[in-house]
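Here the structure is laid out as structure tokens; the discussion comes afterwards.
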Amino acid sequence: MEKLGNWKRSHTCGALRKENAGAEVTLMGWVDSWRDHGGVFFVDLRDRYGKTQIVFNPEAGEMYQKAKDLRNEFVVAVRGQVALRPTGMINKNIATGEIEVAAKELKILNPAKVTPFEVSAYVEAAEELRLKYRYLDLRRPDMQRNLLIRNELYKTTRAYLDRHGFVDIETPILMRSTPEGARDYLVPSRLYKGSFYALPQSPQMYKQILMVAGMDRYFQIVRCFRDEDTRADRQPEFTQIDIEMSFVDQEDVMALVEGLTAEMMQNILGRKISLPLPRLTYAEAMARFGSDKPDLRFGLEIRDVTALAGQSEFKIFVETVTGGKTVQALCLPGGAKYSRKQIDDLAQYATQMGAKGLVTLKVTESGWEGGAAKFFSSGVIGKVNAAWPAKAGDLLLFVADEEEKAQKVLGALRLRLAQEEKLIPENSFNFLWVVDFPLLEFDEEEKRWMARHHPFTAPKDEDIALVDTAPEKVRAKAYDLVLNGTEIAGGSIRIHQRELQKKMFNLLKLSDAEAENKFGFLLEAFEYGAPPHGGIAFGFDRLVMLFAGRKSIRDVIAFPKTNAALSLMDGAPSPVDEKQLRELGIKLA
RNA sequence: GGGGUCGUGGUGUAGCUUGGUUAACACGCUGGCCUGUCAAGCCGGAGAUCGCGGGUUCAAGUCCCGUCGGCCCCGCCA
């Protein structure tokens, strides 16, 4: 092992080109691979910027012998002369492929053990290993690229919002636990034993208070914490681009976000998108795609066939219709080829998604084929077929249930079928807004209305009267931005008037005392001159994931946690000393 | 909380359906050869009680039960 001494890196491993031929350079990096030809010895030196081939010639004596001991992932410094590669030896696969560096001096700055998986391998390593040895995983160009895309998105976000007059303000990480929403991560207080801070699920209330404070335009790229089960696109801690603005309505927030989105597309992917972005109401998204975050990269739309199903002799459908429920359906072009087992799998999936059953019928030249086919007259068959229209060789899939339940099940089937049939175009970016969300949803367990977005979301002006008479019909000034079937941002205009807020709390069955206890500081703030305001928050990790073309946000987070919320590299969470617990006044059960 | 799936030398996989001799292949590692490769090549070598525990059996990587871990999904995530 040798000292760096006064050596300075003159170029990165991705910098040298044929124009540099003849230059004396100093490169530092990791051994990406080595090739011993008995005589000449090659090393591909790697850093974040690229790879450069180093050549060691036998004439170099002592240094040549030293070079022969180099192995993968050794950290080395090399001094030498840039040389054009001999004719026919150019490697078109790398940017530095026209040159190589003829080594004159070599320092082995640090050796490396044989790595648990091959860093520059073409074979993938198991994710468990990648997470445990994250520093090795992050040496891979793919992962470095993801983090660089992430960095570009930070930069674009900050530049854009700065240009639009937004102020980056930090909000507390240690805050008061608030009810509603996700489970909080708690931090015990040493000074006030038995009391806890909570880590923010989002800085929601702080940013609203910043509006009361007159900051007018706030943003923050901020870590948020939710103690809920994970998914490919959900981690215990994640990052939001949090935005709030005063004296605006829904259109202002949406226009701002569209500008930011377009700039991201331009800067990161070099693509222009046309504005304004398309919009769907929640009702339409559910009716046509069975999802509040529909993937519009493919069709396969759902149709409501309740009326026609009611004209059949099929008992299940007839009872559904007379019971005031609906029958919805999908048509899979070419789906008649599906085997019994494939259809059984679909039915099982539908059941898992909450359906009571799945009725499938194959479309033929003469009508329908399948167990239930005989209950439908040719007239009804013709009209149902006409809905898509369906043709011979297609498969019809029916779900009979309450409207939204049936839509959701078919929405899930729609996605699954699109994946199986490879209907989703790669490398396409489909943005849309979903607007006019219901303000509330009824919680069957607690037998009360719950805020769908959060309890400060304003109802649409024209729906305020319905709050008392038909809460289920009230639409919110809320909007979600969807990209390729993933919700990437969501926001709303907030209630800024005490009276309306009070009304909402009553509806949510939150007593004055409870409201006071839980949100008192915010409500009090609203009494000292709260401007109309609203905002939005991006799920930043999801955004990076989609821009990087990955399937999990773990690939765009430097140190993510597993499904079970463990950090395999550092072993968090871990037990702590008895002494630490005593200081906090905590006794384990 | 529930469902699914995977776990085999250091790594990635095959073998498991239908139990049966020495667990196979590639990469990596290692010894040797080789002066122009670039996922170098050629010859040789080491390296696996098949995640863990129990059971069935004359016999278990293979079948059964349990358990642990990774991943995907439902619930959950205002």
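Residue numbers start from 1 in every chain, and the chains themselves are labelled A, B, ... in the order their sequence lines are given, proteins ahead of strands.
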- Query: Expressed as a whole number of Å, how far does the P atom of B:rA23 sit from that of B:rA46?
  - Reply: 13 Å

- Query: What distance, rounded to whole Å, do you find between the two C1' atoms, one in B:rC63 and one in B:rC27?
  - Reply: 33 Å

- Query: Are A:Tyr282 and A:Phe437 close enough that their ring centres sit under 6.0 Å apart?
  - Reply: yes

- Message: Please give the distance between the P atoms of B:rC50 and B:rU62 as a whole number of Å.
- Response: 9 Å

- If pairing requires Watson-Crick or G-U wobble contacts with both distances under 3.5 Å, which nucleotide is the partner of B:rA14? none

- Query: Does the cation-pi check pass for A:Arg416 over A:Tyr349, that is, NZ or CZ under 6.0 Å from the six-membered ring centre and within 45° of its axis?
  - Reply: yes

- Query: Which of the following nucleotides, B:rG2, B:rG1, B:rU11, is nearest to the side chain of A:Leu129?
  - Reply: B:rU11

- Which part of the nucleic acid does A:Pro455 contact within heavy-atom distance under 4.0 Å: base, sugar-phosphate only, or nothing? base

- Could you check which of B:rC76, B:rG70, B:rC72 has an atom nearest any side-chain atom of A:Ala232? B:rC72

- Would you please name every residue forming a salt bridge (charged side-chain N to carboxylate O under 4.0 Å, His left out) with A:Lys207, sequence neighbours left out? A:Asp242, A:Glu244

- Message: Rounding to an integer number of angstrom, what distance separates B:rA40 and B:rU49 when you compare their C1' atoms?
- Response: 37 Å

- Message: Heavy atoms only, 4.0 Å cut-off, all strands: where does A:Ser202 land among base, sugar-phosphate and nothing?
- Response: base

- Note on the structure: Checking N1-N3 plus N6-O4 or O6-N4 for Watson-Crick, or N1-O2 and O6-N3 for wobble, each under 3.5 Å, the partner of B:rC52 is B:rG66

- For A:Thr230 and for A:Arg452, locate the closest nucleotide of RNA chain B by heavy-atom distance; then report the residue assigned to the nucleotide nearer the 5' terminus. A:Thr230

- Message: On the nucleotide B:rG70, are OP1 or OP2 found under 4.0 Å from the side-chain N or O atoms that A:Asn563 carries?
- Response: no

- With distance as the sole test, does A:Gln81 use its side chain to make a donor-acceptor pair with the main-chain N or O of A:Gly22 at under 3.5 Å? yes

- Task: Would you mind reading off the distance between A:Glu128 atom CD and B:rG70 atom P, rounded to a whole angstrom?
- Result: 6 Å

- Spacing between A:Asp229 atom CG and B:rG70 atom P, to the nearest angstrom: 13 Å

- Identified pairing partner of B:rC38, criterion: Watson-Crick or G-U wobble below 3.5 Å: none

- When we call it a touch if two heavy atoms are under 4.0 Å apart, what does A:Glu124 touch: a base, just sugar-phosphate, or nothing? sugar-phosphate

- Task: Taking A:Arg140 for its side chain and A:Val119 for its backbone only, find out whether a donor-acceptor pair lies under 3.5 Å.
- Result: yes

- Task: Answer yes or no: side-chain N or O of A:Arg231 and base N or O of B:rC71 forming a donor-acceptor pair under 3.5 Å.
- Result: no

- Across the strands shown, which category fits A:Arg234 at heavy-atom distances under 4.0 angstrom: base, sugar-phosphate, nothing? base

- Answer with yes or no after comparing the ring centroid distance for A:Phe519 and A:Phe456 against a 6.0 Å cut-off, counting only values under it. yes

- Task: May I have the distance from A:Tyr133 (atom OH) to B:rG70 (atom P), rounded to whole angstrom?
- Result: 15 Å

- Message: With rounding to the closest Å, how many angstrom separate the P atoms on B:rG28 and B:rG75?
- Response: 45 Å

- Message: Using a 4.0 Å heavy-atom cut-off, does A:Arg554 contact any base of the nucleic acid, only the sugar-phosphate backbone, or nothing at all?
- Response: sugar-phosphate

- Are the side chain of A:Arg85 and the backbone of A:Ile99 linked by a donor-acceptor contact shorter than 3.5 Å? yes

- Item | A:Ala564 vs A:Tyr349, nearer the 5' end of RNA chain B by closest nucleotide | A:Ala564

- Return the value, rounded to whole Å, for the distance between atom CD of A:Glu228 and atom P of B:rG2. 17 Å

- Query: Can you check the A:Leu413 CG to B:rC73 P distance for me, whole Å?
  - Reply: 16 Å

- Message: Just checking A:His496 against A:Phe526, ring centres under 6.0 Å apart?
- Response: no

- Message: Donor-acceptor pair, distance only, cut-off 3.5 Å: does the side chain of A:Thr486 make one with the backbone of A:Ile488?
- Response: no

- Please state how far atom CZ in A:Arg183 lies from atom P in B:rG75, giving the value in whole angstrom units. 15 Å

- Task: Heavy atoms under 4.0 Å is the rule here; annotate nucleotides 28-44 of chain B 5' to 3' with B where the base is hit, S where only the sugar-phosphate is, and - elsewhere.
- Result: SSS---BBBBBBB----

- Query: If we take the P atom in both B:rC52 and B:rU35, what is their distance in whole Å?
  - Reply: 47 Å

- Query: What interatomic distance, in whole Å, is found between P of B:rC29 and the corresponding atom of B:rG10?
  - Reply: 15 Å

- Note on the structure: Between NZ of A:Lys551 and P of B:rC72 the distance, given in whole Å, is 12 Å

- Task: Mark yes or no for a side-chain to base donor-acceptor pair under 3.5 Å between A:Arg226 and B:rC77, with no hydrogen or angle criteria applied.
- Result: no

- Distance in angstrom units between A:Arg130 CZ and B:rC71 C1', rounded: 12 Å

- Expressed in whole Å, how much space separates the C1' atoms belonging to B:rG12 and B:rC58? 36 Å

- For A:Glu228, which residues count as a salt bridge (charged side-chain N to carboxylate O under 4.0 Å, His left out) partner, sequence neighbours excluded? A:Arg183

